[in-house]
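Residue numbers start from 1 in every chain, and the chains themselves are labelled A, B, ... in the order their sequence lines are given, proteins ahead of strands.
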Amino acid sequence: MDDAGRVPYFPRTMSAPVRVRFAPSPTGYLHVGGARTALFNWLYARRTGGTFVLRIEDTDNARNSQAAVDVILSGLRWLGLDWDEGPLTGDADGPVNGAHGPYFQSRRGDVYRRRAEELKASGHAYEKDGALFFRMTREPVTIPDLVVGDVVRPLTDREALDPDWVLVRSDGVPVFHFVNVVDDLEMGITHVIRGEDHLSNTAKHVALFRAFGVEPPKYAHIPLILNLDGSKMSKRDQGASVQSYVDEGYLPEAVINYLSLLGWSAKDVPELFTKEEIAPRFELADINRANARFDLKKLEHFHFEHARRLAPDRFVQAGVEALLKAGIDTSAFPTGYVSSALLTAQEKGKLLKELPTWTDFYFAADDAVVFDPEAKAKALAPAAMPVLQKLGERFAALPGFDAVSLEATLKALATELGVKVGALVQPCRVACTGRLVGPSLYHLLEVLGREKVAKRLARVSTEG
RNA sequence: GACCCUAUCGUCCAGCGGUUAGGACACCGCCCUUUCACGGCAGUAACCGGGGUUCGAAUCCCCGUAGGGUCGCCA
């Protein structure tokens with residue numbers, strides 16, 4: 001402690017261990033911009049061997065809810081952004097990691113009261129109308145920012161009229177600017193990485209830190225994420241909520257990859273990566289200064305690439321869950337069959353939500369394959385029945401039921417009958433899957449197996 | 001009204017005084033494949049405008065314009 005009785009603030013030198021934080025308010029959902037802020041904090045912590053703190057800013061504003069807290073925690077976990085310090089559950093009084101708690105601001109009232117008294121005692125704050133006001137500096141404040149450089153923020157004309165601002169409301173609840181600074185101070189935060197929407201207000205924060213007798217942390221204000229048309233992203237906009245990615249069946253790896261490249265890039269780093277791979281390359285200086293626009297098409301591209309590269313066992317696991325969500329229970333089938341079946345669709349790189357459409361036929365009863373009307377009209381015309389029957393006979397006579405043999409057999413028959421390969425491929429596909437599109441025909445037949453294929457072929461060629 | 005940030009293909013990024021302004025997504029054509037895709041090859045497409053500085057500006061400065069943000073007893 002120093003002469004004034006304060007706990008000495010952590011010296012901010014280059015060698016000081018980095019401590020960053022993500023401090024969301026639980027007011028509804030996890031915004032994609034917030035997710036990226038969390039990601040950048042996570043990357044910086046990992047890159048520097050520092051500590052990533054999660055703090056819930058739930059000061060009473062009548063908008064907070066338990067559900068919103070849970071959404072934030074589950075969203076971060078889904079993205080794989082693990083925090084070193086913070087709550088372990090959504091319970092404000094529950095278990096935590098770290099020695100700087102509580103990590104819910106609603107449980108830190110005594111800290112704020114103590115700090116408010118400190119400011120009153122030092123003459124930086126005064127009471128008026130039942131509220132506590134901060135004696136704001138009238139001089140322009142220089143905000144040192146690692147992304148945009150030094151920003152000089154003078155008072156606006158409105159502020160010049162009445163520069164002081166409220167620290168603690170008349171109802172006793174401290175405001176954001178106050179608790180945010182106090183907590184960053186108490187928690188030893190060294191780098192504040194947050195959205196650019198906070199840049200202007202940082203003047204208040206810098207002044208507050210100084211009033212406490214310490215230098216502010218380093219700031220890095222990152223550009224915002226806007227809609228494709230440049231407008232602000234709000235809750236209803238497509239892609240605004242992290243939960244929507246879970247629902248739509250995106251892989252978290254894809255979302256992370258896409259978000260990493262929204263406002264950040266490094267030289268000689270391939271565009272496709274995992275957060276673990278680029279963490280060592282993450283520098284705040286490489287953060288872009290201009291706002292970015294959210295392009296779902298590009299996110300889809302990243303999903304496509306990551307889905308195809310996913311480890312087979314993980315792909316199967318994700319696929320089984322996606323099917324179950326769609327009402328298809330695969331548990332009655334042999335696990336080997338289930339994985340072989342799902343794996344025939346992996347190369348397609350489809351969203352998990354679309355997986356049932358590509359693989360449901362594997363799990364349908366042979367006499368209950370549902371035919372897409374258009375597919376049936378197009379490929380199962382009466383004229384196709386004789387060739388289909390012939391194909392069934394050839395398949396049945398096959399010694400081995402593998403993709404290579406199946407393909408050779410089908411093509412040989414086509415040549416023999418003097419028809420195009422498609423004249424056999426299409427009816428066969430529709431007879432076995434009900435659809436015109438799907439996994440590679442020969443591989444899908446191999447997985448279905450001799451018996452199922454025979455039954456399905458027989459079903460259409462006899463029923464017509 | 002004031003203040004702050006920003007400005008390269010439609011989108012995301014490269015470029016950091018001298019480049020035929022590069023890559024990715026999207027789009028288009030061809031090849032491959034007689035499922036949809038993948039893949040291969042090629043292509044369309046950008047330095048917001050105006051002044052400076054300089055032998056030389058996408059790169060530096062100024063003005064304008066545009067977009068975004070902030071100015072609460074919201075966070």
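- Nucleotide B:rU20 has no partner under the Watson-Crick or G-U criteria, as no pair reaches both atom distances under 3.5 Å.
- Put simply, the side chain of A:Leu323 does not reach to within 4.5 Å of the side chain of A:Asp360, judged on heavy atoms.
- The side chain of A:Trp358 lies closest to B:rC36 when the candidates are B:rC36, B:rU35, B:rC3.
- Here A:Gly195 lies out of heavy-atom contact (under 4.0 Å) with every strand.
- Using the Watson-Crick or G-U wobble rule with both distances under 3.5 Å, B:rU70 pairs with B:rA2.
- The ring of A:His198 has its center closer than 6.0 angstrom to the ring center of A:Phe176.
- Atom pair A:His205:NE2 and B:rC4:P shows a separation of 18 Å (rounding to whole Å applied).
- Annotation: B:rG39 and B:rA75 have their P atoms spaced 49 Å apart (nearest Å).
- A 3.5 Å limit on both hydrogen-bonding distances identifies no Watson-Crick or G-U partner for B:rC36.
- For the C1' atoms, the distance from B:rG22 to B:rC30 is 24 Å, rounded to whole Å.
- Nucleotides of RNA chain B nearest to A:Phe304 and A:Pro154 differ in position, and the one nearer the 5' end is that of A:Pro154.
- When the nucleotides B:rG68, B:rG15, B:rC13 are ranked by their closest atom to the side chain of A:Lys267, B:rG15 comes out on top.
- Between B:rG50 and B:rG68, the distance separating the two P atoms is 24 Å to the nearest Å.
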Seminar exercise, completed: With B for base contact, S for sugar-phosphate-only contact and - for none (protein heavy atoms under 4.0 Å), nucleotides 70-75 of chain B reads SB-BBB
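- Summarising the base pairing, B:rC41 is matched to B:rG29 through a Watson-Crick or G-U wobble pair whose two defining distances lie under 3.5 Å.
- Atom CG of A:Leu262 is separated from atom C1' of B:rC25 by 12 Å (rounded to the nearest Å).
- Among the protein residues, A:Gly230 comes within range of the sugar-phosphate backbone only, with heavy atoms under 4.0 Å from sugar or phosphate atoms but none that close to a base.
- Among the atoms of the strands shown, none is found under 4.0 Å from any heavy atom of A:Lys378.
- We find that CG of A:Asn227 is positioned 15 Å from C1' of B:rG10, with the value rounded to whole Å.
- Using modelled atom types, one finds no donor on one side chain facing an acceptor on the other under 3.5 Å when comparing A:Ser260 with A:Asn257.
- Residues A:Glu85 and A:Arg55 are not paired through a salt bridge, judged by the lack of any N-O separation under 4.0 Å between the basic side chain and the carboxylate.
- The A:Lys298 side chain lies nearest to B:rG23 when the options are B:rG68, B:rG10, B:rG23.
- Atom OH in A:Tyr442 sits roughly 10 Å away from atom C1' in B:rU33 (whole-Å rounding).
- Heavy atoms of A:Phe294 sit nowhere under 4.0 angstrom from any nucleic acid atom.
- Taking the C1' atom of each, B:rU20 and B:rU54 are spaced 24 Å apart, rounded to whole Å.
- Comparing the same atom, P, in B:rC62 and in B:rU6 gives a spacing of 12 Å after rounding to whole Å.
- Within 4.0 Å (heavy atoms only), A:Val148 reaches sugar-phosphate atoms of the nucleic acid but no base atom.
- Only the C1' atoms considered, B:rG10 is 16 Å distant from B:rC48, to the nearest whole Å.
- No side-chain donor from either of A:Thr142 and A:Asp150 sits under 3.5 Å from a side-chain acceptor of the other.
- Of the candidate nucleotides B:rC38, B:rA24, B:rC12, B:rC12 has the atom nearest to the side chain of A:Arg293.
- Look at B:rC48: its glycosidic torsion is beyond 90° from 0, and that puts it in the anti range.
- For A:Asp295, whose side chain is taken as the heavy atoms from C-beta onward, the closest listed nucleotide among B:rG23, B:rC25, B:rC3 is B:rC25.
- For A:Glu305 and A:Ala292, each mapped to the nucleotide of RNA chain B holding its nearest heavy atom, the one lying further toward the 5' end belongs to A:Ala292.
- Remark: B:rU54 base-pairs with no nucleotide in the shown strands. Criterion, Watson-Crick or G-U wobble with two distances under 3.5 Å.
- Look at CZ on A:Arg289: it is 6 Å from P on B:rA7, rounded to the nearest Å.
- Look at the C1' atom in both B:rA24 and B:rA14: the space between them is 11 Å, to the nearest Å.
- Remark: A:Arg114 engages A:Glu186 in a side chain to side chain donor-acceptor pair (under 3.5 Å) (not counting sequence neighbours).
- With both ends at atom P, the span from B:rC60 to B:rG15 equals 12 Å, rounded to whole Å.
- Atom-to-atom, CH2 of A:Trp264 to P of B:rA14 comes out at 10 Å; the value is rounded to the nearest Å.
- Note that A:Arg115 lies in the cation-pi zone of A:Phe212, set by a 6.0 Å cut-off to the ring centre and a 45° limit from the axis.
- Partner of A:Phe40 under the ring-ring contact (aromatic ring centres under 6.0 Å, His included) criterion, chosen from A:Phe52, A:Phe282, A:Phe22, A:Trp264: A:Phe282.
- With 3.5 Å as the limit, one finds no donor-acceptor pair spanning the side chains of A:Thr137 and A:Arg210.
- The CG atom of A:Leu226 sits 18 Å away from the P atom of B:rC5 (whole-angstrom rounding).
- As a whole-Å value, the separation of A:Asp229 CG from B:rC12 P is 12 Å.
- Nucleic acid contact class of A:Arg435 (heavy atoms, under 4.0 Å, all strands): none.
- Taking 3.5 Å as the limit, the base of B:rC36 and the side chain of A:Lys348 contain a donor-acceptor pair of atoms between them.
- Under 4.0 angstrom from either OP1 or OP2 of B:rC12 there lies no side-chain N or O belonging to A:Lys297.
- For the pair A:Lys120 and A:Glu117, the minimum side-chain heavy-atom distance is below 4.5 Å.
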